[in-house]
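The next block holds one structure in the form of structure tokens; read it before the comments.
Letters A, B, ... are given to chains in the order of the sequence lines, protein chains preceding strands, and every chain is numbered from 1.
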Amino acid sequence: MEERYNPQAIEPKWQNTWLETGADRTSDESDRPKFFALSMFPYPSGNLHMGHVRNYSITDVIARFKRMNGFRVLHPMGWDAFGLPAENAAIDRGISPAVWTKQNIAQMRTQLQQLGLSYDWDREVTTCSPDYYRWTQWLFLQFLDSGLAYQKESAVNWDPIDQTVLANEQVDAEGKSWRSGAVVEKRMLRQWFLKITDYAEQLLQDLDKLPGWPDKVRAMQANWIGKSTGARVVFQTEAGAEIPVFTTRPDTLWGATFMVLSPEHPLVPDLVTDTTKDKVEAYKTAAAAKSEIDRTDDSREKTGVFSGSYAINPVNDRKIPIWVADYVLMGYGTGAIMAVPAHDQRDFDFATAFGLDIIPVVFPPDADPETAETLTEAYADNAAGVLRNSGPLDGLTVPDAKQRVIEHLEEKQIGTAQVNYRLRDWLISRQRYWGCPIPVILCPDCGIVPVPDDQLPVELPADVEFTGRGASPLAQLDSWVHVDCPSCGTAARRETDTMDTFIDSSWYFLRYSDATNDGKVFEPNKVNDWLPVDQYVGGIEHAILHLLYSRFFTKVVRDRGLLNFDEPFKRLLTQGMVQSLTYKDPKTNEYIPADKIEVLEKPVSPSTGNKLEVFFEKMSKSKYNGVDPQSVLQHYGADTARMFILFKAPPEKDLEWDDADVEGQFRFLNRVWRLVEGFVSQGARPEVYESGDLSKAEKDLRRATHIAIKEVTEDIEEGYQFNTAIAELMKLNNALNDAKLLDSPVYAEGLQTLVQLLAPFAPHIAEELWAELGHTESVHTSTWPTANANALVADSVTIVIQVNGKRRGEFEAPSDVSREQQEELAKATDAAQKYLAEGTLRKAIVVPKKLVNFVIK
RNA sequence: GGGCGAGUGGCGAAAUGGUAGACGCACCGCACUCAAAAUGCGGCGGGGAAACCCGUGAGAGUUCGAAUCUCUCCUCGCCCACCA
């Protein structure tokens, strides 16, 4: 055996062996329980970053652990391969998106293999490959058939110089095109949507079926869906036009003193008068010109104009002015609100800014309810008090009034109870090339005609030019666009929009169950066998969209009868970011790469000489703080990188990259290596302990071994506590190192156990050491050790003595000590006697085998 | 404004009602070495000679006993946000 631990030699060796023997292929033995371990698949940018390494290391530990525990494990990898960067590469460098993507995938696959990740590469999926996107298209047609895909006019970002549609990411913070620098405009286009709103209630309700998800993610999804219950109330203008509003506070209806319509509201042109027309028009134009950035600006100064018309409050016939203001959004509710300034802060601010009526106040404060001056802010609290100024609601509490008012509205036929969701339908059209083509044909006679199944996939043409200007490359390619209608044969056009890449990733986890099927999207028995995913691991940044879309897809596909479960991901782990030391010039706001700084202890900018700020931040190119996984692998090997990342912080917390700690992990693996080396090189190989009498030292070591088994198992199984699991490995290592018992079978047992427990974390070194210990089969197919209950019991236990809750001493007691004995033994100690003499013993609290607390007065 | 979470040594962190700081990093001392590195051994919250005292963001409470449970407040992070 080599004296030195040399990862550069053993890692490639074992990686090749595993590949050749198919060690990581999915087992089909159906008599074993299944486990589906999944990491969120990456976009193939060409380079693995530390976030990937962290994500995949976590999942790999779980997959390997489950395999050793007798599960058949599905642990696949794939590529979320459509998307903008490939198209940019085509424009900038003339490489075709397909070729560029393919190269990147090849490069990243090699990097992944160097990490020793136990993927079944036979099930690799690539979303940009026709044998995958064929089924993406097929699924789209299922949506279309269910009436869940439809077209609607919607705004896009339009670059007036390049005459092209821009993705949101191509519009910079100032609202300008990344390429031409032109101010981006909004244009209306007919685009495809998926009706996710039909599933809003289910998506909300079923969050309760996901106890294995972080509360945070469930809360974020619930928030995003944004259910509110209230009422729809119809107001009439003096001219007789109806304006429905949605309110969550119908109980405050008697307090409405004006109405506000969104500038985009279709009724606005009908409300203006000769005197207000120009002002309202000007306001509408100004609002339309406002970019997203201005709209989300924090300044929050209320703006608006009077429309010129009045409405009648249907419950009290009060005549109230109708205003137009952009704090009311066309996209939520009905695009119109009733304003109750006394009980809504936004309405209060608006009323204050424009001198509108604030009263009546319809529930406390009590002071002088009729004077607006007594109100300095809206009174929204509804905890106490009863209503007034509210006709039939007078005297009711707010909760009662909320009930009663709905009945009242329905009796009078002016409103109904209504539920509203913040969630909007999903705009999936992209006017881009490198995405999945939407498989429909637009026929002048038949309208929207789905591409027949036997003509799928609609493949992306290869002979395309990329200029970054004009219409999407697909729309510019006449030979591709012009096609006969499959239904009537007339000359028709293909849909040239491609799908949002979130579609590709909304079902890939289903495909892994039957990845190579070329006749079906997947066999029902396979998808129902492997799914749902038992453990999904990925970044918190996907907490809303990707996970919500995937849940939506799963439910729709279920309702098409293609599978039989409600939720795709049983347990979810969202790992924290990987951060590293970042240097920033506080005066110029420039980030400085560490290798440009001469003295790191007192970092100053090399160009300005300013003292730099030093802090941890997420690794990113623009901050020059990235640590390249490749260089870490070359230096320390994959096992050290994995160990460091898993040990440094619990998986869901942010992790601070620290070279010294990486070094520390390398040292730990070296210690394990030397332990085995020392054992093997002395020649004697006693058999692993089975039974027989043991010395005190042997008993202690054996106990340490079995405690490690127990703790490591619980840490992995019960809460992804890989950091404490590794700490337990270190303890066992220390115990073996301290025990001078090389000839004992207990030592052999301990050493062997250490290597097995290490295997999920550091698979290469564990495999090598396992072989050195004389095994011919892989450590990864060995059976995970079980803690022996007898071995865990110590001969004696340490009992802590407390007096009035303060620690005053301790003593050793036999481990089978009874409650009564424990109390008596404790009383007899010097420590206890000293305090017992000072007062009267009131009570003794005995925690068996742990502690005795004397309460003394 | 709403939601979620966090605050413990010089640092990353353990401990989820029972010995606060496991494990590791950094640091200090010793051994080995001509020397350094590597490695091994030992120390390492603060105060104190010691007995002891203090100590988990602040304050109160519950309890025999609180980092842990409850309440109030402070600070930080993330997500959502004129959502009616």
**Prompt:** Just by modelled atom types, is the L825(A) backbone N or O under 3.5 Å from a matching donor or acceptor in the T829(A) side chain?
**Reply:** no
**Asked** Ignoring hydrogens and geometry, is there a side-chain-to-backbone donor-acceptor pair from T257(A) to D357(A) under 3.5 Å?
**Response**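 Side chain of T257(A) to backbone of D357(A): a pair is present.
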**Prompt:** Does the side chain of R551(A) come under 3.5 Å of the side chain of Q221(A) through a donor N or O and an acceptor N or O?
**Reply:**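 Judged by distance alone, the side chains do pair up.
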**Asked** So, S228(A) versus N420(A): side-chain donor-acceptor pair below 3.5 Å or not?
**Response** no
Base, sugar-phosphate, or nothing: which does [X] touch, judged by heavy atoms less than 4.0 Å apart?
X       : value
E656(A) : sugar-phosphate
R674(A) : sugar-phosphate
D349(A) : nothing
N733(A) : nothing
G226(A) : nothing
Q721(A) : sugar-phosphate

**R422(A) side-chain N/O to rA81(B) phosphate OP1/OP2 under 4.0 Å** =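 So the side chain of R422(A) is within the cut-off, an N or O lying under 4.0 Å from OP1 or OP2 of rA81(B).
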Distance check needed: [N] [atom2] versus [X] [atom1], whole Å only.
X       : N       : atom1 : atom2 : answer
F616(A) : rC78(B) : CZ    : P     : 16 Å
L547(A) : rC80(B) : CG    : P     : 14 Å
K843(A) : rC64(B) : NZ    : P     : 5 Å
F644(A) : rA13(B) : CZ    : C1'   : 13 Å

**Request:** Determine if the base of rG59(B) is syn or anti; take syn to mean the glycosidic torsion is within 90° of 0.
**Result:** anti
**Asked** With a cut-off of 6.0 Å (strictly less than), are more than 12 heavy atoms of other residues, nucleotides or ligands near NZ of K849(A)?
**Response** yes
Does [X] contact [N] through a side-chain donor or acceptor facing the base, at a distance under 3.5 Å?
X       : N       : value
Q665(A) : rG24(B) : no
N853(A) : rC64(B) : yes
K648(A) : rC25(B) : no

**Asked** Among rC82(B), rC64(B), rC4(B), which nucleotide sits nearest the side chain of L329(A)?
**Response**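 Output: rC82(B).
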